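Step one of this worksheet: look at the structure below.
Please read all numbers here as calculations on a predicted model, not as lab measurements.
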Amino acid sequence: MEGETPEPAAPATFLRGEEGASPESARARFERMIRRVQANVCAELEAVEGGTSNNGGALFREDAWTRPGGGGGISRVLQGGRVFEKAAVNVSVVYGVMPPGAYRAARPEVAAAAAAAAGGEKAGPVPFFAAGISSVIHPVNPFAPTVHFNYRYFETEAPKDAPGAPRQWWFGGGTDLTPSYIIEEDVKHFHSVQKQVCDNYDTSFYPRFKKWCDDYFYIKHRGERRGVGGIFFDDLNDYDQETLLHFATDCADSVLPAYIPIIERRKDTLFTEEHKAWQQLRRGRYVEFNLVYDRGTTFGLKTGGRIESILVSLPLTARWEYDHKPEVGSEEWKLLDTCINPREWL
């Protein structure tokens, strides 16, 4: 795919021509939603950080970019703050033609089924639309958890060599918590917010998406989960599009009420160098998962996307210590045990 072009400021919309023909299309409404959520999250994190242009506090830096083939994005990153070591909130709206390898990364099961139906022949380039918001927030304090959220909307047309197939669309995403220390009050609050949003649509959503989250954020070579989960779903199109658009919107809007109360409680907790070293080891696990298994990272790398945006989820600092094993029964061991044996929090 084409490389990005830096822009001095983000345009009012990244949709143009046919893509932006209808302001009430799912594409246009999803773009407006993710840009609103990006602005809200950044403003709230800056307020927690206490950063202003007058006191020299940490603020978000913004980079806007466009793609010649269609679309663009806005990356906002804060790093080296008092509360947040690194926080990134990115949005992207891209469309064009997806190479076969990227399509297989985006929809492995669908691509495999299509190849089987074609007698093993690989499909050609696929016209696509993809929009999403993705954020990872790494606090300074080891008792304040990392949070990740991502919500996205995809559409694909038929491959170039298979005209006439119907357009496909789906939603994906989720919100998950990665603490270094288990504080049950925090984890239960986080999960209760996710459950409330899910229950407003379908009471089967939370248990289904909670398990999906535990299974997805699994570091296979370690035999452990990345954190204490939340919700996660992908390829979701088993409800009407309008319902799922509202669901994705409510999920994205739930991030601040799920996370900010936890940060406010933990950002000033006293900690030792040993606590910080354990946090750095857990962030090493975060890096391993994102580089080896994360579907969004894989898709971004295979589509030749903006590398700074793709890898912005990585922490500013991390640690790998040879053969580290926490003492059985310690607070560190309790976290590791929970990552190996997921719990029901509600």
Practice task
Decide if atom CD of Glu242 counts as having more than 12 heavy atoms of other residues, nucleotides or ligands within a radius under 6.0 Å.
Solution key: yes
Exercise for the section: Mind jotting down which residue pairs meet the salt bridge (Lys or Arg N to Asp or Glu O under 4.0 Å) criterion with at least one end in residues 249-258? Sequence neighbours excluded, please. Expected result: Arg36-Asp253
Completion exercise
Result for ring-ring contact (aromatic ring centres under 6.0 Å, His included) between Phe143 and one of Phe271, Trp278, Tyr181 points to Tyr181
Exercise for the section: Flag the pair Arg67 and Glu4 as a salt bridge only when some basic side-chain nitrogen lies within less than 4.0 angstrom of an acidic carboxylate oxygen. Expected result: no
Exercise for the section: Please determine, by modelled atom types, if Asp337 and Asn341 share a side-chain donor-acceptor pair under 3.5 angstrom. Expected result: yes
Practice task
Using distance alone, with no hydrogens and no angle criterion, decide if Asn290 and Ser313 have a side-chain donor and acceptor under 3.5 Å apart.
Solution key: yes
Handout entry: Side-chain donor-acceptor contact under 3.5 Å, His191 with Tyr206
Key = yes
Handout entry: Side chains of Ser135 and Phe149 in contact at under 4.5 Å (non-hydrogen atoms)
Key = yes
Practice task
Could you check if a side-chain atom of Ile263 sits within less than 4.5 angstrom of a side-chain atom of Phe84, using non-hydrogen atoms only?
Solution key: yes
Exercise for the section: Decide, yes or no, whether a salt bridge links Arg76 with Glu46 under the criterion of side-chain N to carboxylate O below 4.0 Å. Expected result: no
Handout entry: Polar side chain donor-acceptor pair, His275 to Glu331, under 3.5 angstrom
Key = no
Problem - Aromatic ring pairing Phe233/Phe209, orientation class (parallel under 30°, perpendicular over 60°, tilted between) - result: tilted
Handout entry: Qualifying residues under ring-ring contact (aromatic ring centres under 6.0 Å, His included), relative to Phe14, sequence neighbours excluded
Key = none
Practice task
Please check if any side-chain donor atom of Ser22 sits under 3.5 Å from a side-chain acceptor atom of Glu24, or the reverse.
Solution key: no
Exercise for the section: For Asp186 and Tyr259, test the side chains for any donor-to-acceptor distance below 3.5 angstrom and give the result as yes or no. Expected result: no
Handout entry: Set of residues satisfying side chain to side chain contact (heavy atoms under 4.5 Å, CB included) with respect to Glu308, sequence neighbours excluded
Key = Arg306
Practice task
Assess the pair Tyr151 and Phe171: is the distance between their ring centroids shorter than 6.0 Å?
Solution key: no
Practice task
Examine distances only and state if a side-chain atom of Ser330 and a backbone atom of Pro326 form a donor-acceptor pair shorter than 3.5 Å.
Solution key: no
Practice task
Compare all side-chain heavy atoms of Ser25 with those of Phe30 and state whether any distance is below 4.5 angstrom.
Solution key: no
Practice task
Flag the pair Asp176 and Arg226 as a salt bridge only when some basic side-chain nitrogen lies within less than 4.0 angstrom of an acidic carboxylate oxygen.
Solution key: yes
Handout entry: Ionic contact status for Asp323 with Lys325, cut-off 4.0 Å
Key = yes
Practice task
Taking only Lys NZ, Arg NE, NH1 and NH2, and the carboxylate oxygens of Asp or Glu, determine whether Arg208 and Asp238 approach each other closer than 4.0 Å.
Solution key: yes
Practice task
For Trp320 and Glu288, run side-chain hydrogen bond (donor to acceptor under 3.5 Å, both in side chains): C-alpha distance rounded to whole Å, both residues' side-chain angles, the deciding distance at 0.1 Å, then the answer.
Solution key: CA-CA 10 Å; Trp320 286 266; Glu288 289 178 26; 2.9 Å; yes
Problem - Side-chain touch Pro127/Thr156, heavy atoms, less than 4.5 angstrom - result: no
Problem - SB check Arg225 Asp214 (cutoff 4.0 Å) - result: no
Practice task
Side-chain contact test, heavy atoms from C-beta onward, threshold under 4.5 Å: evaluate it for Leu281 versus Arg285 and give yes or no.
Solution key: no
